[in-house]
There are 2 protein chains.
Amino acid sequence: MARKTGSHSEITGPRVRDAALKLIAQHGFAAVSMRRIAEEVGVQAGALYNYTRDKQALLFDLMRNHMEELLAARQEAAVSGDPVARLDAFTRFHIHWHLPRGDQVFISYMELRNLTPENFAEIERLRKVYEDELEHILQDGVDAGLFHLDDTKVTTLAIIAMLTGMSTWYRAEGRLSLDRIEGLYVGMVRRLVGI
Amino acid sequence: MARKTGSHSEITGPRVRDAALKLIAQHGFAAVSMRRIAEEVGVQAGALYNYTRDKQALLFDLMRNHMEELLAARQEAAVSGDPVARLDAFTRFHIHWHLPRGDQVFISYMELRNLTPENFAEIERLRKVYEDELEHILQDGVDAGLFHLDDTKVTTLAIIAMLTGMSTWYRAEGRLSLDRIEGLYVGMVRRLVGI
DNA sequence: CATTTAACTGAACAGCCGTTCATTTGAAAA
DNA sequence: TTTTCAAATGAACGGCTGTTCAGTTAAATG
């Protein structure tokens, strides 16, 4: 049975990526078979190859998509002004954008080693662009005499690790509201840069 | 050919764990086969089952071992005294102990989802013991009026995420010496708790 | 030297893996 | 109504999976 009701290509494609995202985040790339993804979509394994060249391309697409959406959203949310305001905005943006995307964040950190070297390099390049945004804010703050920190690069990585780590324990039904958590992290990041 | 020179059980056992550690850190639990581990040891796959009940037990042993060694080392290195000294000691201990154990750290964070529910619960329990050590230091510092922070639990998790994140980018041949990095993190952790 | 036995082999088991492709389906175009 | 063709099927490919176990080896024991 094929093409049961209406053209499916524009429906099945996203459904394949959604299923892959969910399953890979849950069990890991190597542990999820193409047949399992196909089952989740409600299709035979062979049909997946209408939407991806192979399994590797499916993973890479998920990760590249995640990074490109992140950079696009960041560009839209970027504020200008003094470094303190930009730092606060960065903190809030990072939390707001990453928290509802737990599966993508998880995959983007966990499955790097399952990328081919070329694909890995591309993802790392995009990640670097994002890190550089924060590094520039810190450097500007230091140059303006507003921030007091010992090493811009290390502080950049420390802040991103601290912020991203939240994804591992945050639960919507937890003790603290998202707004409250956001406020806590804004405070911690400020202290970290010596404000 | 069996038992070529001397009794092997006390040699092969650790070699199996070493090979599993290295390969799982490199490729992920699901992506590494028992035959691949056996090949690394220089043995047939069947021989591995003299040293582990099954593949799951092999992973669990690696992770439990990691956590128990961490807690034992921590107990030995624990200092008493004022909260500031204890906090500095915790920071230095965490970095010193984790940095040379990149593979174990990686596995302990990445492969949690490949544990059975019972095994997962046990690892989480051990991790909680470690986190509680830091939380107590922070609470004591707050009670003594030395630390100024908004939420002890969130700050605990933030510090651990920040410290552990270093494992993802630290390279021995990098720009900064281990001592220098340690100093930077001691400073950042201090700032984070409002010293 | 003869015996014991820890350590390991190598084959076998049923089942799953990613990927390809000739074939079938049925909605849309003519 | 007939034709077209995007979309999906289902079988097949060689190869790998975790695990078991009867049989083999050789070091240690008596």
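Each chain gets a letter, A, B and so on, in the order the sequences are listed, and its residues count up from 1.
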Across nucleotides 14-19 of chain D, 5' to 3', mark each nucleotide with B, S or - according to how protein heavy atoms within less than 4.0 Å reach it. ---BBB
In this structure, how many angstroms lie between the P atom of dT20(C) and the CD atom of Q44(A), rounded? 17 Å
Between C1' on dG10(C) and CD on E39(B), what's the gap in Å once rounded to a whole number? 16 Å
Candidate list T164(A), L70(A), T168(A), test side-chain contact (heavy atoms from CB on, under 4.5 Å), partner V105(A), passing option: T164(A)
On the six-membered ring of F93(A), is R74(A) placed so that its NZ or CZ lies under 6.0 angstrom from the centre and within 45° of the ring axis? yes
Compute the centroid of each ring, for F90(B) and then for Y130(B), and state whether the two points are separated by less than 6.0 Å. yes
Nearest whole angstrom, please: distance from the C1' of dT5(C) to the CG of N50(B). 13 Å
Lys/Arg N to Asp/Glu carboxylate O, D151(B) vs R175(A), below 4.0 Å: yes
Starting at CG of N114(A) and ending at P of dG18(C), how long is that distance when rounded to a whole Å? 12 Å
With salt bridge (Lys or Arg N to Asp or Glu O under 4.0 Å) as the criterion, how do K22(A) and D103(A) come out once you've worked through the C-alpha distance, each side chain's angles and the decisive distance to 0.1 Å? CA-CA 7 Å; K22(A) 180 185 132 187; D103(A) 284 353; over 6 Å; no
Compare side-chain N and O positions of Y51(B) against OP1 and OP2 of dA7(C) and report whether any pair is under 4.0 Å apart. no
Considering only NZ, NE, NH1 and NH2 on the basic side and carboxylate oxygens on the acidic side, decide whether D61(B) and R64(B) come within less than 4.0 Å. yes
Give a yes/no answer on whether the side chain of T12(A) brings an N or O atom under 4.0 Å of OP1 or OP2 in dA8(D). yes
